[in-house]
Amino acid sequence: MVGSPNANKKIQRGYRKMVERFEKYAVQLREQKLFEMEKIYQEQFTSFIPLFQKHFNTTCENIIKLQQAKELEEISYLEYTLLYSNLLTKKETAEVRVYNNRWYLDSRQHIVGHFDFSALFTKYHELSEELMAYRKQFAGEVSAQEVKAFLLSCAGSFYSYIISAFRFSILPCIGTEPFLTVRRAERFEINVGEYMSYTEAIYKENRQRNSEESLLWFSQRQEYEYAFEDFTKLDFSGADLSEIDLRYSDLRYAKLIGTDFQDSMLFGTRFCHADLTDADLRYCMIHEADFTEANLTNAKFIATEAFAGVPDHIKWKITGYQPVRFCNANLTGADFRRTQIRDADFTGAVMDNAIFLEPQLLYFKLSEKQRQSIQIAGSKSIQK
Amino acid sequence: MDYFLLRQSGTIQVPQEKNRQAGKPSIRIMEDISSLDKFDYLSAEALVSDRMKLLLEQYLLEQEWQPCAFVDPQKKAEKTFWFLPPLSYQPEQVTYASNGLPCAVFVKEEDFAKKSPGIFCLKNPKGSPFVIVHLSVAESILRRGYCGLELQRI
């Protein structure tokens, strides 16, 4: 076999121990550069989006040409893959490959494009240059190859920003041409990650799924198993989905009327255009969830938690969260008392009679019109 | 195609065993075995470090590995390397560059992910066999910071 499913489980990633003083410096510098990358990601995120979208659309056009020429059949996987072997030769490009349903075991896997991410790898460059310069102080004690191995061990963390940026850029592309013309299998995924290793499905389609079977699956309350899974347009109205882990699940256009999500993990969950009338989102964690154009009439966000960025700058762990999005959502009568939502984007949201507590208003960027339409808790008109 | 030539990077003198019998373990006396720390692959005899064997054996199931122990009796220290097991698979076609190194291999489509392993050896008329690894193995090696080796796309 070319690959074994266990190939990456036993042996830890990383680098060999180096001279202690150099290693300490290298690790500190890596943390510093990653936090600097985090700052760029948070501040310039919107400027990255067209870069991904343009490339993705071009890739789709290439695939269509290949399919029309009968050189490519319907595809099951489309992947933007970080190749460490490319980084070795200073090529900062992700290879875009398409696969049939055998995925990595597809003997005819096609390369359909290359994505140049060097503009987003500036902090990795700086880390590389500064470490190579610092190495000179160690006169033979630290080899260039040791430094290269250390740098490669860091590349995945920097690439995680590309994964995250891509994840938030993809949605507008999948509802439009040229993507819609691409011939895809009933189960289809777009992944961004490493070759035959850690890879994140930023979008999945499963046209075989139905509401009843999904609810049965949900009843098992599995951890992270529902991430990026396709539950679009399904109906879970009135269902008890409390304490469920639906991180990054796709619930766009779903019917979720009166659904109980209490105490659930909804990081990055896609609720765009969903009907969440009377839904109960109390005590949920909804960091970087997307409620764009959702109907959240009378939804409850009491003690719900969300913030943007990273919780601290002590040790870098993952890319920071993007703000939770309520753009153009209908939040009429939604209850935000004691909510822990911070940094949310309410652009264009209808907030008539949405309920807030006075002291928490400073955490919300609301338009003047929105401020005038909300209710402040404590007034007698509010029903508890 | 997605294949790489595995090469040793850097030089090191390691003791040889005269008339070594293939398929048998080897024990060799060596001073300063700490110099082996910077190597995970020794091309002269296709030896891989203990750490690298952990990875490669995932791709070479049911193969028997023979150890090659380097012993420093004065320091009472030992370091074990492993002989890459004999790999019989040969690709459909190999192209060699003018310097004698393989520059392209072609694996039959029906062999991919079946008969063709992620690692195979090509005969080298001038010395030790060339070790060829698939992209999946090359990427796994690079992610783990192995030392004293190079991967050259062919």
Fit a plane to each ring of A:Tyr99 and A:Tyr77, take the angle between them on a 0 to 90° scale, and name the class: parallel (under 30°), tilted (30 to 60°) or perpendicular (over 60°).
-> perpendicular
Top contributor to chain A interface from B:Leu60, B:Asp2, B:Val133, B:Ile141 [non-hydrogen pairs under 4.5 Å] = B:Asp2
Determine the interplanar angle of the A:Tyr159 and A:Phe117 rings, folded into 0 to 90°, and report it as parallel if under 30°, tilted if 30 to 60°, perpendicular if over 60°.
-> perpendicular
With a 4.5 angstrom heavy-atom cut-off, which part of A:Leu88 approaches chain B: side chain, backbone, both or neither?
-> side chain
Parallel, tilted or perpendicular: ring planes of A:Tyr161 versus A:Trp316, cut at 30 and 60 degrees | tilted
Proximal component of A:Leu82, with respect to chain B [non-hydrogen, under 4.5 Å] | backbone
Under 4.5 Å to a heavy atom of chain A? For B:Leu149 that would be backbone
Should the pair A:Tyr80 and A:Phe115 be assigned to parallel (<30°), tilted (30 to 60°) or perpendicular (>60°) ring geometry?
-> perpendicular
